Each structure stands twice: as C-alpha cells, then as structure tokens.
Amino acid sequence: MAGKYEKNIITDFRPEPDRPKFYGNEERKKNMDDAVTRMIRLDEDVISGSFFVTSSWYWPQSTPTEFVGESHTHPFDEVVAFFGTDTDNPNNLCGEIEFWLGGEQYILTKSCIIFAPKEVEHCPLIVRRVDKPIFHFATGPGKYS
C-alpha cells in the first residue's frame, strides 16, 4: 500500500524546463548533451510549494563546456555545489570549473559548496576540465528558472 507521503519521494527523472537563454546554439547544446547527465529535479512543478533542487553528473570531456553562460540574479539565496569522485581524496574536484560570483572569477579545483546570496550576480559556469565524474547540485527556495 502506498504511504501518505509516497509522492514526496522523487525517483523519476523530470526534464528541466526549456532554458534557451542558457543553451545558446545547437553546437553548444550538443556539447552539453555529451558532457552532462541531468538527474532528478524537484520544484513547484513536481510538488506544489517545494523549493527547487536540480542535480547533474559532469563527465570527462575534451573541450570546455559553458553550462550557464549568462550572469543572472535571483530574488532568493541559492546554494551551488560540486563534488569530485576521487574516493581516495574526496576534496579533489577531479577537474576545473570556472564560476563567477559577484563579478569575480573563481577557478574551482576542490569539492565545494557555494552560497550565492539573493540579488548577487552569479555565473557564467564553465566546466573547463573533467578528469573523473563530478556531481553537481543547486538548490534554493524559489522556482527553478
């Protein structure tokens, strides 16, 4: 028998909303399709009233891939995280990610969690190198857009 909160356990992949401002041209989208596997996503479209969480795996690739090209802000705080998969050294990001926060460029080479305060400009997000898979997630109390 199904439990009262069974609907709150999300196991099915839900495609992300179309985000053409981030995908750019077809060549860029193809590079993204080869470099990332979108995972389970939660937002108000999945469960009414929920905050958003999105997750992805970044795979080894031969060229840098720009995942979020335009800097932007949100009317809410956002947490963005990247974790490497080196089990002997979990602090090792297993690659290099360029992330902009408040107009400043950061080159990430360690597993990390980033706090982007509301109304603070962030991105672009460019995955420069992936040596071993990198797990990524982002979450915030607003609607995923």
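All values reported here derive from a predicted model rather than from experimental measurement.
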For [X] and [Y], which heavy atoms make the closest approach, and how far apart are they?
X	Y	result
H72	C123	CE1-SG, 3.7 Å
T73	H122	CA-CE1, 4.3 Å
C94	N92	N-OD1, 2.8 Å
V46	R41	CG2-O, 3.8 Å
E44	S50	CG-O, 3.5 Å
Y58	V130	O-CG1, 3.8 Å

Are any side-chain N or O atoms of [X] and backbone N or O atoms of [Y], one a donor and one an acceptor, separated by less than 3.5 Å?
X	Y	answer
S56	M39	no
S111	G84	yes
H136	I134	no
D77	K118	yes
T85	P133	yes

Once you round to the nearest 0.5 Å, how far does [atom1] of [X] lie from [atom2] of [Y]?
X	Y	atom1	atom2	result
E119	F76	CD	CZ	9.5 Å
K110	N91	NZ	CG	5.5 Å
F115	L101	CZ	CG	10.0 Å
F82	I97	CZ	CD1	4.5 Å
F51	T139	CZ	OG1	5.0 Å
W100	Y106	CH2	OH	10.5 Å

Practice prompt. For E78 and V80, run side-chain contact (heavy atoms from CB on, under 4.5 Å): C-alpha distance rounded to whole Å, both residues' side-chain angles, the deciding distance at 0.1 Å, then the answer.
Written response: CA-CA 7 Å; E78 182 177 15; V80 179; 4.0 Å; yes
Discussion item. Evaluate I107 against R128 for side-chain contact (heavy atoms from CB on, under 4.5 Å), listing each step before the verdict.
Written reply: CA-CA 9 Å; I107 304 300; R128 293 176 164 203; 3.5 Å; yes
Decide whether [X] and [Y] are clustered together by the hydrophobic rule: side chain heavy atoms of Ile, Leu, Val, Met, Phe, Trp, Tyr closer than 4.5 Å, transitively.
X	Y	result
Y5	V53	no
V127	L108	yes
I126	F135	no
F83	W59	yes

